[in-house]
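Dropping the structure in here first, questions after.
We're numbering straight along the sequence, starting at 1. In this text the structure is predicted, and so the values were computed from the model without any measurement.
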Amino acid sequence: MKIRDLLAVESIDLNGTASSKRETLDKMVDLMVKSGKINDAETYRKGVYAREEEGSTGIGDGIAIPHCKSDAVTRPGLAAMVVKDGVEFDALDGGKVHLIFLIAAPNTEDNVHLDVLSKLSVLLMDEKFTKALKNAESVDEFLEIIDKAEAERDGEKTMAKNERDEKFILAVTGCPTGIAHTYMAAESLEKKAKELGCKIKVETRGSGGAKNVLTSAEIAEADCIIVAADTQVPMDRFAGKPVIQCKVADGISKAEDLLNRAISGKVPIYQAKGEVSKTADEEGKDSIGHQIYKHLMSGVSHMLPFVVGGGILIALAFLIDGFSIDLNSLPMEERGNFGTITPLAAIFKGIGGTAFGFMLPILAGFIAMSIADRPGLAVGFVGGAIAANGTSGFLGALLAGFIAGYLVRFLRKVFDKLPKSLDGLKPVLLYPLIGILLIGLIMTYIVEPPIGALNTLVNNGLNGLNGASAILLGLLLAGMMSVDMGGPVNKAAYVFGTASIAAGNYNIMAAVMIGGMVPPIAIALATIFFKNKFTEEERKAGPTNFIMGLSFITEGAIPFAASDPLHVIPACVVGSAVAGGISMAFNCTLMAPHGGIFVFPTVGSPLFYLLSLLVGSVVGCVLLGILKKDIK
């Protein structure tokens, strides 16, 4: 299909005039109606207005591309207008708009027109092309300019494909914390693409934000897109393109398989609403378990900066008072103020406590937003705040996030039956008003009583742990940190540790962190003492794991585990479990939720904690030497 197939002669106006954005849109709709592709002009007009309220379609450089997908459209179409003197259009660059293309898309699963429209978007990035369209003296010349540019571009693409055999693959990687998995998956995909002769560009969505962002032109040119992420990724931009969705861990350990699938061409087409076509390969769909995990990790990833920043500041407040005051000399009634006694400690504790207080509302809010988009955010926040101020705590906030998300999705379906004229009120009035009321009632009368009682019981049980029970818990949690090294099991243990800090159980966080530090250190030791067990490349990379392990970045062990999981993971799990058990046995405590060796001054019984780390790392190293086979 060509651009001209969508652009009727009667829908082009080369001498348009308009004094406002509203008038411009009205004239564009009238042009579209002339093409005979609209069965209800007013419904389509309201759809165009509604899209414009979400954000201006004036893309800059004097161009606007308003659009609407509606039941009022019978066939995909384009309308075009040139406004010689320009018109104010709230464009992104603040300038006037001279060239407008209006898009009409039917509300069906058939998206044949998407390729044509993406081609037009790419052509409009060429200044010579847009200038020629603005200066066209007749409709025939206008269409001829489009035909010529389209033919040249198709020719360039054919020539480029003849000159090179490689496919052009795009990828997006993202993990909940955005520290290690994100970039490891990107590096693995780039390395394998080079080996397979593919051209690739990878967008990383790490803790510092999105980097190397994919452009609309690159998406239009791509043969396939791989989304290897455990967090929510903006997906609507990939509508109409072949998309593979998978876990970020697959981007690390299964990069070659993913690229081979992308090259094969047997990949489902992604639809704008986040669903693959019914005739597409079912492998493109996320499992229910992975969807739930992504929603949970979206909340956890947004929560962690508050936990880490606030938690370390609180730990520093305790440290300052610890250096300044002898706790034993204080009267019993004043010991409860420890961490706020000296002025500097009080400042640190106040700031850290404020940040830490956002932990549960942030968790619930972003879980809900991951499920129901922006309308779920406020509802989830309120549910999380009720849990934080009540007795249900972390478990209550977790439930609040999921309840709020699916509650808002239910409300959206119910409100879809309301008149279109109320669309503008839904996100600003109906969703927050009714959603917040319902989540408040649900949390207060349904969630808080039983979950609050359970949470109190668990905290009292943890506070009462001693002897064999405490050691067993330390073995379990520390071992979990090594099972998937940043995956769901690891995150479950870590989140349990951070929630325990909030409840005042500091020995649990100590066992959790030491369990995450052991695998990289054990592997680094093994590459030195058992060189015949590792390739030359692994031996060179091994020592960097000392730094990653001491910094509490468990993910440094992933490349080694991915290459030999049956031998590396059991060795690391045992080493971590031993370290966590010893830490619990000596009642080591940790008030900071992250930081590795850099927060050791906040550790209770630091010498025994270092001993636990050393013993666990040595045990893991020795087991690696025993279990791994020699490299031939």
### Query
Do we get Lys628 above Phe534's six-membered ring, with its NZ or CZ under 6.0 Å from the centre and within 45° of the axis?
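Checked: cation-pi criterion met.
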### Query
Hey, is the main chain of Cys246 close enough, under 3.5 Å, to the side chain of Asp250 for a donor-acceptor pair?
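Looks like no, no N/O pair under 3.5 Å.
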### Query
CZ of Phe546 to OG of Ser551: how many Å apart, nearest 0.5 Å?
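The CZ atom of Phe546 sits 13.0 Å away from the OG atom of Ser551.
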### Message
A side-chain contact here means heavy atoms from C-beta on lying under 4.5 Å apart; do Pro570 and Leu566 qualify?
### Response
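The answer is no, as the side chains (C-beta and beyond) never meet within the 4.5 Å cut-off.
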#### Entry: Heavy-atom closest pair, residues Leu624 and Ala522
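Of all heavy-atom pairs spanning Leu624 and Ala522, the closest is CD1-O, 3.8 Å.
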### Main-chain N/O of Glu187 paired with Lys192 side-chain donor or acceptor, under 3.5 Å
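It does not hold such a pair.
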### Query
Can you tell me how far CD1 of Ile582 sits from CG of Leu614, rounded to the nearest 0.5 angstrom?
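If I round to the nearest 0.5 Å, the distance is 9.5 Å.
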### Query
Between the main-chain N or O of Gly516 and the side-chain N or O of Thr554, is there a donor-acceptor pair closer than 3.5 Å?
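Checked: pair present.
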### Closest approach of Gly396 to Ala387 (non-hydrogen atoms, all atoms of both residues)
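Looks like C-CB, 3.7 Å.
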### Sequence-distant partners of Tyr506, ring pair (Phe, Tyr, Trp, His ring centres under 6.0 Å), two or more places apart
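Here no residue qualifies.
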### Query
Quick one: does Ile200's side chain get under 4.5 Å of Leu259's, heavy atoms only?
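They are in side-chain contact.
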### Task
For the residue pair Met517 and Leu613, establish whether any side-chain heavy-atom pair is separated by less than 4.5 Å.
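Yes, side chains in contact.
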#### Entry: Ser583 and Phe608: CA distance, side-chain angles, deciding distance, side-chain contact (heavy atoms from CB on, under 4.5 Å) verdict
CA-CA 7 Å; Ser583 172; Phe608 286 120; over 6 Å; no
### Query
What do the steps show when you test Val243 against Met235 for side-chain contact (heavy atoms from CB on, under 4.5 Å), and what is the final call?
CA-CA 10 Å; Val243 175; Met235 296 293 293; 4.0 Å; yes
### Query
For Thr527 and Glu538, does a side-chain donor sit closer than 3.5 Å to a side-chain acceptor?
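Thr527 vs Glu538: no donor-acceptor pair found between side chains.
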### Lys254 atom NZ, neighbour heavy-atom count above 12 within 6.0 Å
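No - once you tally the heavy atoms of other residues, nucleotides and ligands closer than 6.0 Å, there are 12 at most.
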I'd like a table of donor-acceptor pairs (distance under 3.5 Å, sequence neighbours excluded) in which one partner is a side-chain atom from residues 401-408, with atom names and distances.
none

#### Entry: Salt-bridge criterion met for Glu203 and Arg205 (N-O under 4.0 Å)
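Counted as a salt bridge, because a side-chain N and a carboxylate O are separated by less than 4.0 Å.
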### Query
What is the distance from atom CG of Leu316 to atom CD1 of Ile347, rounded to the nearest 0.5 Å?
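With rounding to 0.5 Å, CG (Leu316) is 13.0 Å from CD1 (Ile347).
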### Query
Is it true that Lys540 and Glu536 make a salt bridge, defined as a side-chain N closer than 4.0 Å to a carboxylate O?
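Answer for the salt bridge query: yes.
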### Task
Can you see which heavy atom on Gly390 is nearest to which on Glu448, and at what distance?
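Closest approach of Gly390 to Glu448, heavy atoms only: CA-OE1, 3.6 Å.
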### Query
Is any side-chain heavy atom of Ile508 less than 4.5 Å from a side-chain heavy atom of Leu590?
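Answer no - side chains too far apart.
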### Task
For residues Ile451 and Leu399, determine if any side-chain heavy atom of one lies less than 4.5 Å from a side-chain heavy atom of the other.
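They are in side-chain contact.
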### Query
What distance separates Ile569 CD1 from Cys572 SG, expressed to the nearest 0.5 Å?
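The SG atom of Cys572 is 8.0 Å from CD1 of Ile569, to the nearest 0.5 Å.
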### Query
When rounded to the nearest 0.5 angstrom, what distance separates CG in Leu363 from CG in Leu296?
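It comes to 7.0 Å.
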### Query
Which pair of non-hydrogen atoms, one from Ala577 and one from Leu475, has the smallest distance, and what is that distance?
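For Ala577 versus Leu475, the nearest heavy atoms are O-CD2, 2.9 Å.
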### Task
Check step by step if side-chain contact (heavy atoms from CB on, under 4.5 Å) holds for Tyr494 and Leu477.
CA-CA 8 Å; Tyr494 179 72; Leu477 291 174; over 6 Å; no
### Message
Check whether Gln245 reaches the backbone of Ala228 with its side chain - one donor and one acceptor, N or O, closer than 3.5 Å.
### Response
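Flag not set: sc Gln245 to bb Ala228 has no pair under 3.5 Å.
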### Task
Determine, stepwise, if the pair Phe238 / Val172 fulfils side-chain contact (heavy atoms from CB on, under 4.5 Å).
CA-CA 11 Å; Phe238 304 141; Val172 182; 3.9 Å; yes
### Message
Can you give me the closest heavy-atom contact between Met584 and Gly474, atom names plus distance?
### Response
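Scanning both residues completely, I find the closest heavy atoms to be CG-CA, 3.5 Å.
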### Task
Check for a donor-acceptor pair, side chain of Arg539 on one end and backbone N or O of Lys531 on the other, with a separation under 3.5 Å.
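Side chain of Arg539 to backbone of Lys531, a donor-acceptor pair under 3.5 Å: yes, one is there.
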### Query
Do Phe560 and His567 have side chains that get closer than 4.5 Å, going by heavy atoms?
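Answer no - side chains too far apart.
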### Message
Taking the side chain as everything from C-beta on, heavy atoms only, tell me whether Met513 gets closer than 4.5 Å to Met481.
### Response
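No; the side chains remain at least 4.5 Å from each other.
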### Query
Are any of the side-chain heavy atoms of Cys588 and Asn507 separated by less than 4.5 Å?
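With C-beta onward as the side chain, the pair stays apart.
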### Task
Mark yes or no for whether Asn212, through its side chain, and Val202, through its backbone, hold a donor-acceptor pair below 3.5 Å.
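Answer holds: yes.
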### Message
Would you compute the distance between atom CG of Leu610 and atom OG of Ser605 and round it to the nearest 0.5 angstrom?
### Response
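If I round to the nearest 0.5 Å, the distance is 11.0 Å.
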### Task
Quick one: list whatever passes side-chain contact (heavy atoms from CB on, under 4.5 Å) with Leu377, sequence neighbours left out.
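Leu377: side-chain contact (heavy atoms from CB on, under 4.5 Å) contacts with Phe366, Met369, Phe381.
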#### Entry: Exercise: identify the closest heavy-atom pair between Gly497 and Val512
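For Gly497 and Val512, the tightest heavy-atom pair comes out as CA-CG2, 4.2 Å.
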#### Entry: Any donor-acceptor N or O pair under 3.5 Å, side chains Ser576, Ser482
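Side chains of Ser576 and Ser482: pair found under 3.5 Å.
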